[in-house]
Amino acid sequence: MRIIYAKDYDELSKKAANFIAAQVTMKPECVLGLATGSSPIGTYKCLKAMCKNGDVDFSKVKAVNLDEYCGLPKTNDQSYAYFMKENLFDGINIDQANTNIPDGTNPDVAAECKRYDAVVKSMGGVDLQLLGIGNNGHIAFNEPSDSFSLGTNCVNLTESTIEANKRFFESADDVPRKAYTMGVGTIMSAKKILMVANGDAKADIICEMATGKITPNVPASILQIHPDVTVICDEKALQKLMAVAPELVER
Ligand code: F6R
């Protein structure tokens, strides 16, 4: 796991966007695994600017997103489908027919999980998976648990995640209690993984993920055994790790 220092969110976002643009330039028909949440918004903003300037071409890229809230249609402004259009897809030259996200409105859990696993498989797997990290160590919506999930599954969101995500909703009561999420096994099968994390609230979990034991109670800890993971963090998210194991951080 390479852990890269960025002085602030702007620098983190530029570094992460350059990393993704390099992947697309090297393999124009690549499969990008994409994340939502606040962490990648700056990265997406940089990618939109790069695409507008003609510095990166997404026309052959296929995209597969990590997760979606259950019960929210694509038109709901809190759905992750809506988020992706607003924050990335409408601002780059990707063919939106080549973008994929679990269907939060499908009430048939088994059918939706099977369908989404087949989508990822039909693309031949993910070349570069972008991730954020939850304060409790979740990746996608794979919450702390007794075992690592394999494929797409439907999860009950933890109180900590509902609390963290309520900032996007009118109140905590409006946050959906369930979500479809790509499994940890699928995430681990991506050829490359890029994680972005910023802010004080992520300092403890970044340190735990990188130096703690590998356990499904901290789902992101499994990234320690993936052969090609890059984590880009701002100084705030790195403060604990820099105090405990500064040698792990590349500046
Ligand atoms: C979103 C996702 C989540 C977020 C995580 C961090 O697609 O998969 O795991 O990455 O909850 O969210 P933010 O970036 O809002 O702190």
Side-chain angles (χ1 to χ4, degrees), residues 6 9 12-13 16-17 20 32-45 63-70 72 74 76 78-89 99-104 116 120 126 128-145 148-149 151-169 172 175-188 190 193-206 208-209 216 218-223 229-234 236-238:
Y9 184 64
L12 173 165
S13 300
I20 295 168
L32 294 181
L34 297 173
T36 57
S38 55
S39 310
I41 289 178
T43 305
Y44 293 157
K45 208 171 153 196
V64 61
N65 258 81
L66 287 171
D67 41 18
E68 179 61 284
Y69 288 118
C70 288
L72 298 190
K74 287 179 183 164
N76 184 302
Q78 296 305 333
S79 74
Y80 284 169
Y82 191 96
F83 173 102
M84 288 309 297
K85 272 179 78 61
E86 283 281 300
N87 287 288
L88 185 66
F89 297 150
T99 65
N100 298 277
I101 194 154
D103 178 1
Y116 207 60
V120 181
V126 173
L128 172 61
Q129 177 66 59
L130 177 64
L131 295 177
I133 183 170
N135 298 344
N136 61 3
H138 72 221
I139 45 175
F141 271 138
N142 295 287
E143 299 281 28
S145 115
F148 291 109
S149 63
T152 306
N153 58 104
C154 181
V155 293
N156 294 315
L157 301 182
T158 62
E159 278 311 312
S160 132
T161 299
I162 291 165
E163 195 53 32
N165 287 7
K166 74 175 187 198
R167 67 194 192 278
F168 301 114
F169 293 81
V175 184
R177 268 33 191 180
K178 284 178 183 285
Y180 284 115
T181 180
M182 196 186 270
V184 173
T186 309
I187 293 170
M188 286 296 282
I193 294 178
L194 172 64
M195 175 181 278
V196 288
N198 62 286
D200 296 320
K202 299 289 167 72
D204 285 346
I205 196 63
I206 286 292
E208 176 77 20
M209 169 187 74
V218 182
S221 62
I222 200 170
L223 299 177
V229 176
T230 302
V231 182
I232 308 179
C233 295
D234 72 351
K236 288 181 176 165
L238 278 180

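Remember, predicted model here, so these are calculated numbers, not experimental data. Counting starts at 1 for both ligands and their atoms, following the listed order.
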Met209 to Ala220 - nearest heavy-atom pair and separation:
CG-O, 3.5 Å
Could you go step by step and tell me if Leu130 and Leu32 meet the side-chain contact (heavy atoms from CB on, under 4.5 Å) rule?
CA-CA 8 Å; Leu130 177 64; Leu32 294 181; over 6 Å; no
Any Phe148 side-chain heavy atom under 4.5 Å of Ile222 side chain:
yes
List, pair by pair, the atoms of ligand 1 and of the protein that are both N or O and lie under 3.5 Å apart, giving the separation rounded to 0.1 Å.
unit_1	atom_1	unit_2	atom_2	d
ligand 1	7 (O)	Thr36	N	2.9
ligand 1	7 (O)	Thr36	OG1	2.8
ligand 1	7 (O)	Asp67	OD1	2.7
ligand 1	7 (O)	Asp67	OD2	3.4
ligand 1	8 (O)	Asp67	OD2	2.8
ligand 1	9 (O)	His138	NE2	3.4
ligand 1	9 (O)	Ala140	N	3.4
ligand 1	9 (O)	Ala140	O	2.7
ligand 1	11 (O)	His138	NE2	2.7
ligand 1	14 (O)	Ser38	N	3.2
ligand 1	14 (O)	Ser39	N	2.9
ligand 1	14 (O)	Ser39	OG	2.5
ligand 1	15 (O)	Ser38	N	2.8
ligand 1	15 (O)	Ser38	OG	3.0
ligand 1	15 (O)	Arg167	NH2	2.9
ligand 1	16 (O)	Lys202	NZ	2.7

Check the pair Asn142, Ile187 against side-chain contact (heavy atoms from CB on, under 4.5 Å), reporting the backbone distance first and the verdict last.
CA-CA 10 Å; Asn142 295 287; Ile187 293 170; 4.0 Å; yes
Sole candidate of Phe168, Phe141, Tyr82 that passes ring pair (Phe, Tyr, Trp, His ring centres under 6.0 Å) when paired with Tyr69
Phe141
What's the spacing between Lys74 NZ and Ile101 CD1 if we round to 0.5 Å?
8.5 Å
